[in-house]
Amino acid sequence: MARESWASRIGFIMAAVGSAIGLGNIWRFPWMTAENGGSAFLLLYLLIVLVVGVPGLLAAFVIGRRSNRNPVGAFESLAGSRAWTALGALCVLTSIMLMSFYSVVGGWILRYFLESATGAYFADPGAHFAAISYGAEAFGYQLAVLAATALIVAAGIRRGIEATTKVMMPGIVVLLVGLAVWAFRQPGAAQGYEFYLGFDGAYLAENFLSVLGSAAGQALFTLSIGSGTMITYASYVDDDRSLPLDASVIAVLNLGIGVLAGLVVFPLLFSFAAGPTEGGPGALFVGIAGAFASLPGGRLLGVVFFLVVLLAALTSLISMLEIPVSLLVDEFDLERSTATRGLFALVAVTGGVNAFSPAVFTLFADHLVDLLLVLGLTGFMVYTAWVLGPAALEEYRDGAGPISRPLAIPWRYAIGTVFPAFLLFTFYADATALIGLSAGTGPLLVATLLTVVPFVLVARRSVSRNRPQPTESAD
């Protein structure tokens, strides 16, 4: 069957930004920022997005557009070997795990959106969230969100994903700006801005490794790289687009909306809640909901706020579901509607475990997915630099402008050496913290070198079956 493509460049950018923004920037970003020292976390997050995230996005874009396939098919077709399909399979696994807990949060948001109109959670926001966050009712709302996601994905790239995100994304931005202006006028706004934007060097020096791992995971989470989303979306892109420009635009828009979300959430947490860590994963539903309960017009404000978050949740879930759907359509020639129904049933089961088990949900949402995203992006970078090699440079340059074209060769060698080493360092730092070990910088560096050097050497020996490859001359 004929493979779809984006109808317009703005459609691709809106879909990619929608995937990147999502709950990562509105639900998870404030929570992770609060648990990691506020401004200390924000600084590392911003640096990682710009320095590592943009080159990583480019690597995913190159793989996707070069192959015009889903992650599994992309790695197999470009490498000429089935060995690299394991990396594509990791993408599919990660996307399913993401949907499994993400859809639970989407269910919470849908419920709060509906309940804001009646003020059902106003009396005691903390007790209300504790009562509804897990169990049969949470599962029911989760299924409703998954069903809405499946309907959009089943409609296809242009009529479903592109048409929906082109409406949702401007709506999210307009509503967030309005909420930020309103939050600025609240009594605790100055304290919220200080915690969020005032640099705390002492905290960063004392907790550098733990903050670094969390910031790296959050950066990859919000940019939707490491799970195969951007490989999948770029596989529908035409050859005349500038991949460096698109990656930069997506990263900047993602950063801007993420920071904007913080300008809404933190003033409200300091104005109406016990503090920035109130509620953990439920901070959005406990601290923020408390604000609406105490304000004139709180029901209307609650409806608007949770509408923003609901739209953001849907744009991200759409991109996650498209990864396994594209696999079934490309590799098994299934009808898109059939593939979507089957995956809806699968995620209903895996997500149901998260909806009934707080322990499983926390494991998935707090650490496990971060680790998988870091491993995924490390693989993308090494594969692009050494397996595709000069072919990656050709793909990078197609449609690129005079400013970005000379950066092709430095980009290739950076994603083949420095950035994979950095990502593996953060992986080991986060993994040791997860299992309760205390490892210093020295042992982490040794583990990183013992991993990245053999990985790169093996990748360089891989045989690439691509189009005729140009020389590495800068032009």
Side-chain angles (χ1 to χ4, degrees), residues 21-32 34-35 97-150 168 172 175-176 179 221 261 264-265 268-269 272-273 277-293 298-299 301-318 320-321 347-348 350-366 369:
I21 292 170
L23 292 184
N25 273 339
I26 301 179
W27 164 68
R28 196 173 188 265
F29 177 65
W31 159 36
M32 296 300 293
E35 290 192 347
M97 293 180 67
L98 278 165
M99 283 188 286
S100 297
F101 81 83
Y102 214 92
S103 56
V104 176
V105 184
W108 297 344
I109 294 164
L110 174 60
R111 180 166 189 156
Y112 271 69
F113 169 66
L114 297 174
E115 289 182 342
S116 293
T118 64
Y121 55 81
F122 281 11
D124 191 339
H128 182 80
F129 179 75
I132 63 92
S133 51
Y134 301 98
E137 291 188 5
F139 181 56
Y141 281 96
Q142 176 191 34
L143 289 180
V145 170
L146 282 174
T149 304
M168 287 183 176
I172 291 172
L175 292 173
L176 270 179
L179 288 169
F221 188 96
V264 174
V265 172
L268 298 185
L269 287 176
F272 303 103
T277 58
E278 175 73 12
L284 195 71
F285 306 94
V286 178
I288 303 302
F292 302 138
R299 294 185 181 186
L301 288 168
V303 169
V304 173
F305 179 81
F306 285 110
L307 174 61
V308 173
V309 189
L310 181 60
L311 293 176
L314 286 172
T315 57
S316 290
L317 280 167
I318 288 165
M320 295 171 193
L321 183 56
V347 179
T350 60
V353 177
N354 284 263
F356 283 94
S357 173
V360 174
F361 175 91
T362 301
L363 175 65
F364 276 37
D366 201 1
V369 167

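Since the structure is predicted, the reported quantities are computational estimates derived from the model, not experimental observations. All values below were derived from every heavy atom in this structure, side-chain atoms included, with hydrogens, water molecules and symmetry-related copies excluded.
- The backbone N or O of G351 sits less than 3.5 Å from a side-chain atom of Q142, completing a donor-acceptor pair.
- Each of L310, V309, L311 was scored for a side chain to side chain contact (heavy atoms under 4.5 Å, CB included) with F113, with one residue passing: L310.
- The side chain to side chain contact (heavy atoms under 4.5 Å, CB included) test with Y141 is passed by exactly one of L114, V104, L146: L114.
- Y121 is not listed as a side-chain neighbour of I132, based on a closest heavy-atom distance of 4.5 Å or more.
- Nearest approach of G106 to A313, heavy atoms of both residues: CA-CB, 4.4 Å.
- For the atom pair CG of L110 and CG of L314, the computed distance is 8.5 Å after rounding to the nearest 0.5 Å.
- Shortest non-hydrogen contact noted between L175 and L307 is CD1-CD2, 4.2 Å.
- Side-chain contact between F101 and V369 is present, with at least one heavy-atom pair separated by less than 4.5 Å.
- Remark: the backbone N or O of M99 is paired with a side-chain donor or acceptor of S103 at under 3.5 angstrom.
- Ring geometry for F361 against Y134 counts as perpendicular: the plane angle is over 60°, on a 0 to 90° scale with 30° as the lower cut.
- Tested against H128, the residues F122, Y112, F285, W108 include a single ring pair (Phe, Tyr, Trp, His ring centres under 6.0 Å) partner, Y112.
- Here the side chains of S116 and F292 are not in contact, with every heavy-atom distance at 4.5 Å or above.
- Side-chain contact between F306 and E115: absent, with no pair of heavy atoms (C-beta onward) separated by less than 4.5 Å.
- T315 contributes a side-chain N or O that, together with a main-chain N or O of A312, makes up a donor-acceptor pair within less than 3.5 Å.
- The shortest heavy-atom contact between G135 and F356 is C-CE2, 3.5 Å.
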